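Please read these numbers as outputs of a predicted model, since none were measured by experiment. Letters go in sequence order (proteins before strands), and every chain restarts at 1.
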2 protein chains.
Amino acid sequence: MTNQGAIPIQYTNVTSLRVGAMEFDSRDAALNSFRRNVQRVPANKILLHDGEHNCKVIVVIDGWLATSKSSLNGEVQLIDFMLPGDIADPTSADGKTAGLNIEAVTEALISVIPLAVWHRMLAESPRLARANEHVQAAERARLSERMLRLGRGSAESRIAYALIELCLRLKPLGLSENCAFHLPLTQRHIGDFTGLTAVHVCRTLRRFVRNGLVETADHMDIRITDLGTLSDIAGVEPERLAAEITPLPD
Amino acid sequence: MTNQGAIPIQYTNVTSLRVGAMEFDSRDAALNSFRRNVQRVPANKILLHDGEHNCKVIVVIDGWLATSKSSLNGEVQLIDFMLPGDIADPTSADGKTAGLNIEAVTEALISVIPLAVWHRMLAESPRLARANEHVQAAERARLSERMLRLGRGSAESRIAYALIELCLRLKPLGLSENCAFHLPLTQRHIGDFTGLTAVHVCRTLRRFVRNGLVETADHMDIRITDLGTLSDIAGVEPERLAAEITPLPD
DNA sequence: CGGGTAATTGAGCTGGTTCAATCTGAGTGG
DNA sequence: CCACTCAGATTGAACCAGCTCAATTACCCG
């Protein structure tokens, strides 16, 4: 929960940038706008507060962000994780106020685009607009999947789903090989993501391990060893889910 | 759960149509596209199934729709209600597959736009594109609010929030006067919306009535009699919430 | 070695579920 | 007009999944 300042970096470091599954390099005018707004931010930094007025769109280049809401009594619900290529757009209906918090889960490299600039970029690059649409559609699909489990699923089904979702999302980023991946998360994060207490996340995860569904190492290196059973518990077909929640190449 | 065919109507009946808070009339070319695709559908008709391939965007002209997901064992989660002026866009990341069900809650008048046509309409009418953005932003804001309560809120807070949300959304449609409004819903709907059982919805609603927070008549005419307390329970400031979840006029 | 954060495990509690019975009101057919 | 049906609402009683509280352990970092 530290909240130090962002460290501006040499933006020239960024020679290409991914939005969804599309790569934007020096041939795209958009890249310059992205580069002008690149920042490196430390883990746990809160980038935007729910209700804040200066709304910006944040494109993740590297690292993990999360969007979240919190209740008056301090309980947190993670709405979505934002991985490289994802776009955190906090804008709510009035077009000014942020409808959620955006925070860096890990140290991250991001591009923070003022809303006006973002709209111009979308208008000028149909390719970017298309990429944006895919990314937004993927997010919508994830949200409804998760909402179903939040409202109707057991703890097992919520956690199984979360593991599978993250596994599938990390795969196209080259961060998940053969159902093995690293989550830079605490059990509290997973609890805040699934609407459970950290204690119950722990119990459920242990049970998965005991039953041979997953293996864990080093406190968050996960390997799904029985995807069949796990996806039954999650109530999901992995192939179909991947198509629905992962932006495809153009 | 009836599933009869849609009844095509004289589309010439529709002389203007609202998207979000913006009115589209004969001066807008978009109106013709809307009119060409108008349908009247009966209550409980399922308009689109999760996973279906022929994706269409549905604009609500009159009546209530709902988007939903259901689990293998038949449990339903309502993702969002779509009221007049709302746009149900079921598209998931692959751009083809529907990521949720769309069903008519009441008899409804809708315009069903093929995805390709919709994209053309957006490209040709910047005003429509802007309206669409506001409507989408409003929906996103609602989803995160609800997700917070689904994951972290008590039954009381979920139901209080649902009542306030619907009250606020109905107001600009002229369907909510002075915190009194009609919900064309069963307690089961509210349960599916809030992730609770119908039985518990009933108990909680009765408790609200006993405590003088709301009055009910005729099985779903609601009047919020103590908005202060109810919004405390919901964990919400009504004015701010209205700005975030209700599309504003241009 | 000390201190702090995260994970783990146990024990008991509780909010919401489940199951079941009753009640209500709007058809519907005779 | 009444009898019958059917969907929804209401209420009671028992149960249980996940929570809370609390103690212990593991691990990292200075």
### Query
Taking only residues two or more places apart in sequence or in another chain, which ones pass salt bridge (Lys or Arg N to Asp or Glu O under 4.0 Å) with Glu139(A)?
none

### Query
Asp218(A) CG to dA6(C) P: how many Å, rounded?
15 Å

### Task
For DNA chain C, find the residues of residues 66-75 of chain A with a heavy-atom distance under 4.0 Å and give them by number; none if there aren't any.
none

### Message
Rounding to 10°, can you tell me the angle the first-five-pair axis of the helix from dC1(C)-dG30(D) to dG30(C)-dC1(D) makes with its last-five-pair axis?
### Response
40°

### Message
In this structure, how many angstroms lie between the C1' atom of dG15(C) and the CZ atom of Arg152(B), rounded?
### Response
16 Å

### Message
Enumerate the salt bridge (charged side-chain N to carboxylate O under 4.0 Å, His left out) contacts for residues 216-233 of chain A, please, sequence neighbours excluded, ordered by first and then second residue.
### Response
none

### Query
Quick one: side chain to side chain donor-acceptor pair (under 3.5 Å) partners of Gln136(B), sequence neighbours excluded?
Asn132(B)

### Message
Among residues at least two apart in sequence or on other chains, which ones pass salt bridge (Lys or Arg N to Asp or Glu O under 4.0 Å) with Glu237(A)?
### Response
none

### Message
By the 4.0 Å heavy-atom rule, please label Gly153(B) as base, sugar-phosphate, or nothing.
### Response
nothing

### Query
With sequence neighbours left out, what residues match Asp62(A) under salt bridge (Lys or Arg N to Asp or Glu O under 4.0 Å)?
none

### Task
Mind checking side chain to side chain contact (heavy atoms under 4.5 Å, CB included) for Thr186(A) and listing every partner two or more places apart, or none if nothing turns up?
Arg188(A), His189(A)

## Note on the structure
For Arg146(A), the salt bridge (Lys or Arg N to Asp or Glu O under 4.0 Å) test, sequence neighbours excluded, returns Asp80(A), Glu165(A)

#### Entry: Protein-to-nucleotide contact annotation, 5' to 3' order, nucleotides 6-17 of chain D [B base; S sugar-phosphate only; - none; under 4.0 Å, heavy atom]
--SSBBBB----

Hey, can you pull the donor-acceptor pairs under 3.5 Å for the side chains in residues 172-179 of chain B, sequence neighbours left out?
unit_1, atom_1, unit_2, atom_2, d
Ser176(B), OG, Cys167(B), O, 3.4

### Task
Under the ring pair (Phe, Tyr, Trp, His ring centres under 6.0 Å) rule, collect the residues that match up with Phe81(B), sequence neighbours excluded.
Trp64(B), Phe193(B)

### Message
Could you report the tightest heavy-atom contact between Val105(A) and Leu65(A), atom names first, then the distance?
### Response
CG2-C, 3.9 Å

